[in-house]
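This report concerns only the one structure given below.
Residue numbers start from 1 in every chain, and the chains themselves are labelled A, B, ... in the order their sequence lines are given, proteins ahead of strands. The figures that follow rest on heavy atoms only: side chains count, while hydrogens, waters and symmetry mates do not.
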Amino acid sequence: MTDLKPPGGPLTGTPAVSVCVLTKRADFVRASNARRQGTPGIHLQGRKRAEGEAAGIRVGFTCSKKVGNAVARNRAKRRLREVARIVLPEMGLDGWDYVLVGRKDITATLPFDQLIADMRRAMKKVHG
RNA sequence: GCGGAUGGCUGGAUGACUGCGGCAGCAAUGUCGAGGAAAGUCCGGACUCCAAAAAGCACGGUGCCGGGUAACGCCCGGCGGGGGUAACCCCAGGGAAAGCGCCACAGAGAACAGACUACCUGAUUUCGAUCAGGAAAAGGUGAAACGGUGGGGUAAGAGCCCACCGCGCAAGCGGCAACGCAAGCGGCACGGCAAGCCCCACCGGGAGCAAUGCCAAAUAGGGACCUCGCGUCGCAAGACGGGGAUGCUUGAACCCCAGAUGGUCCGGGUUGGCAGCUAGAGGGCGUCUGGCAACAGGCGCCCCAGAUGAAUGGUCAUCCAUUUGUGGGCAACCACAAAGGACAGAAUCCGGCUUAUAGGCCAUCCGCGCAU
RNA sequence: GCGGGCGUUGUGUAAUGGUAAGACCUCAGAUUUCCAAUCUGAUGAUAGGGGUUCGAUUCCCCUCGCCCGCU
């Protein structure tokens with residue numbers, strides 16, 4: 001199934017908005033029906049929430065069983081979490097939900113700086 | 001040195017920056033944080049609930065003997081059978097003279113007796129054969145065919161007789177036992193399958209931490225049908241009576257009894273938090289005692305994660321082995337560069353089994369070769 | 001996590017322990033001016049590995065894959 005992990009604590013260079021983590025299945029479903037952008041390493045889904053729904057940036061992580069066994073899934077999730085920790089403070093928009101989806105083999109093995117580049121490109125596409 | 005057998009260990013190391021979960025703290029911060037299989041869920045337990053977890057039946061499991069253990073289908077030791085030159089390895093390994101069932105095709109005949117071809121004797125004969133009797137060695141079939149070899153014997157033959165081998169029964173002896181050794185007896189009979197039914201012995205009540213208990217929120221604390229039934233004595237406690245059992249029957253204690261009870265069905269709801277939740281038959285090291293061993297016991301020291309969209313990560317440097325390429329060298333090897341670092345991630349806990357696993361290391365033993 | 005079930009040609013189904021059957025599909029041929037329909041023929045499977053047995057789809061064990069239930 002899909003997995004996610006609790007808030008990332010105080011982020012370095014955090015902007016004024018807070019970041020929290022998606023835990024409800026309904027939020028994941030809504031995000032997947034909104035804007036999406038695939039890159040070699042990351043599949044990104046993004047959604048601008050309706051007024052009064054929640055505050056700040058929210059982010060979720062998903063690695064289905066297609067990604068591999070438990071070791072591969074956990075590894076992909078950890079790297080996605082690290083990517084979000086670095087990229088979201090500089091590019092995330094207040095009032096949006098983001099869902100990062102792992103891809104088979106690639107998310108766990110791609111060089112890390114390339115993964116970050118993929119994330120930045122996907123963010124631009126989803127916002128634009 | 002080469003080849004092999006068995007048992008065991010390890011599962012990259014150090015550092016820097018930056019993150020995550022638990023605990024402590026107002027905070028700064030401190031401290032702890034995956035495995036030998038955490039896996040498969042194949043067994044066994046602990047623990048919780050089910051009216052006791054009791055008896056019988058049913059059902060399921062195990063299956064040489066002895067021991068170990070909380071327990072086991074696990075482990076240790078022994079026995080028997082099979083394989084290997086050997087070290088050593090493998091075996092669901094009780095009962096087929098309790099009973100039932102099955103043994104296709106082929107073959108004369110498939111389980112207990114019988115006789116297709118062929119053999120022998122006699123009679124008949126159209127000289128092809130037919131009939132009566134003897135016999136069970138030879139042929140062919142098959143996974144399996146009624147002991148084997150040699151000799152005697154005979155009309156032909158046959159354990160019909162003899163020798164050796166095999167087989168069965170077995171006094172006695174050894175061993176806790178499985179079992180082993182075996183005088184003697186028997187002309188030989190009793191085929192295989194019980195991972196077919198079954199018999200025997202032993203074991204097992206069922207469900208499972210999403211168990212179970214509590215708190216909060218929410219909803220229609222709703223509707224239909226059926227069953228028991230509207231008790232007696234007593235001020236009361238209680239007694240009598242009735243009801244309540246998870247495959248079936250019995251069933252003490254216990255619970256309920258005029259309930260808005262119990263059962264079935266329909267409809268609604270199905271979220272959040274806390275406890276269970278991690279220190280236990282616990283692990284490691286050292287040492288002593290008993291034991292062939294598994295293991296048991298004593299002492300000392302050290303160590304023990306608890307998440308819940310689920311923590312233990314990311315990046316880099318150096319070293320460590322590995323592979324590839326280039327250069328040098330007869331070679332061992334040296335230098336430089338690059339790549340990738342086995343299987344795999346706790347979810348109530350523990351003991352086993354099974355399966356996956358790069359590379360490396362240690363010990364013991366066997367065979368061959370060489371040297372002494 | 002815990003508990004349960006299933007696995008046979010490409011698909012959905014059969015098979016007392018004894019040659020794996022039949023249907024649809026695919027291919028080829030026949031029929032037809034051509035197509036469809038029809039007829040004939042062919043290809044093709046017991047999830048994998050061990051064990052019991054003379055002989056396993058069937059009986060036993062291990063592994064793999066798929067499906068279902070739970071508050």
**Asked** Is there a side-chain contact (heavy atoms from CB on, under 4.5 Å) between A/Val101 and A/Ile42 once you walk through the steps?
**Response** CA-CA 6 Å; A/Val101 182; A/Ile42 297 177; over 6 Å; no
Separation of B/G313 atom P from A/Leu115 atom CG, nearest Å, is 18 Å
Rounded distance in Å between the C1' positions of C/U43 and C/G29:
15 Å
* Give a yes/no on whether any side-chain N or O of A/Arg78 is located under 4.0 angstrom from OP1 or OP2 of B/U312. => yes
Mate of B/U289 across any strand shown (Watson-Crick or G-U wobble, both atom pairs under 3.5 Å) is B/A296
Applying the 3.5 Å cut-off to both distances, the Watson-Crick or G-U partner of B/A97 turns out to be none
B/G134 glycosidic conformation (syn if within 90° of 0, otherwise anti) is anti
**Item:** Non-hydrogen side-chain atoms of A/Cys63 and A/Arg75 separated by less than 4.5 Å
**Value:** no
query: Does the side chain of A/Gln37 come within less than 4.5 Å of A/Lys124's, by heavy atoms?
result: no
Output a table of nitrogen or oxygen pairs between the protein and nucleotides 315-318 of chain B separated by less than 3.5 Å.
residue : atom : partner : partner atom : Å
B/U315  : OP1  : A/Arg79 : NH2          : 2.7

When you compare B/G67 with B/G73, how far apart are their P atoms, in angstrom units rounded to a whole number? 15 Å
Expected label for B/A34 (glycosidic angle, syn inside 90° of 0, else anti) would be syn
Testing B/G345, B/A311, B/G19 for proximity to the side chain of A/Arg85, the answer is B/G19
- request: Take atom C1' in B/G313 and the same atom in B/A34, then report the distance between them in whole Å.
  value: 13 Å
Partner of B/U270 under the Watson-Crick or G-U wobble criteria, both distances under 3.5 Å, comes out as none
Taking the side chain as C-beta and beyond, is there a heavy-atom pair between A/Asp97 and A/Val59 under 4.5 Å? no
Re B/U126: Watson-Crick or G-U wobble partner, both distances kept under 3.5 Å, found to be none
Given Watson-Crick and G-U pairs under 3.5 Å, RNA chain C in dot-bracket ([ ] crossing, | other strand) is (((((((..((.(....[..).)).(((((.......)))))....(((((..]....)))))))))))).
Answer whether the closest heavy-atom distance between the side chains of A/Arg35 and A/Gln45 falls below 4.5 Å.
no
For A/Ile106, the side-chain contact (heavy atoms from CB on, under 4.5 Å) test, sequence neighbours excluded, returns A/Leu110
Between CG of A/Asn74 and P of B/A39 the distance, given in whole Å, is 14 Å
* Asked: Considering only the C1' atoms, how many Å lie between B/G196 and B/G204, rounded to the nearest integer?
  -> 25 Å
When rounded to whole Å, the CD to P distance for the pair A/Glu82 and B/G19 reads 9 Å
Should A/Arg85 and A/Glu82 be marked as a salt bridge (Lys or Arg N to Asp or Glu O under 4.0 Å) after you check the CA-CA gap, both sets of side-chain angles, and the distance that decides it?
CA-CA 5 Å; A/Arg85 196 174 64 83; A/Glu82 192 70 13; 2.7 Å; yes
Taken to the nearest whole Å, CD/A/Gln114 to P/B/G314 is 17 Å
Relative to its sugar, using the 90° cut-off around 0, the base of B/G36 is syn
**Study point:** pair A/Ile57-A/Leu88: side-chain heavy atoms closer than 4.5 Å
**Key:** yes
message = Using atom P in both nucleotides, what's the gap between B/C146 and B/G174 to the nearest angstrom?
response = 42 Å
field: Contact check, side chains of A/Trp96 and A/His127, non-hydrogen atoms, under 4.5 Å
entry: yes
Taking a pair to mean Watson-Crick or G-U wobble geometry with both distances below 3.5 Å, B/A275 pairs with B/U212
In whole angstroms, the gap separating C1' of B/G21 from NZ of A/Lys77 amounts to 14 Å
When rounded to whole Å, the CG to P distance for the pair A/Asn69 and B/A39 reads 13 Å
Taking B/A311, B/G313, B/A344 as options, the one with an atom nearest any side-chain atom of A/Val71 is B/A344
* Asked: So do the side chains of A/Tyr98 and A/Arg47 get within less than 4.5 Å of each other, counting heavy atoms only?
  -> no
Applying the 3.5 Å cut-off to both distances, the Watson-Crick or G-U partner of B/G205 turns out to be B/C50
If pairing means Watson-Crick or G-U wobble with both distances under 3.5 Å, then the partner of B/C167 is B/G186
Partner of A/Leu100 under side-chain contact (heavy atoms from CB on, under 4.5 Å), picked from A/Val87, A/Leu44, A/Thr107, is A/Leu44
Its glycosidic angle compared against 90° from 0, B/U278 adopts the form syn
Between A/Thr39 and A/Ala122 the two heavy atoms that sit nearest each other are CG2-CB, 3.9 Å
- Message: Suppose you measure atom P in C/G69 against the same atom in C/C54; what distance do you get, rounded to whole Å?
- Response: 46 Å
- B/G8 and B/U289, which share atom name P, separated by this distance in whole Å: 26 Å
_What's the gap between C/C70 and B/G280 when it is taken at their P atoms, as a whole Å value?_
34 Å
Taking a pair to mean Watson-Crick or G-U wobble geometry with both distances below 3.5 Å, B/G33 pairs with B/C20
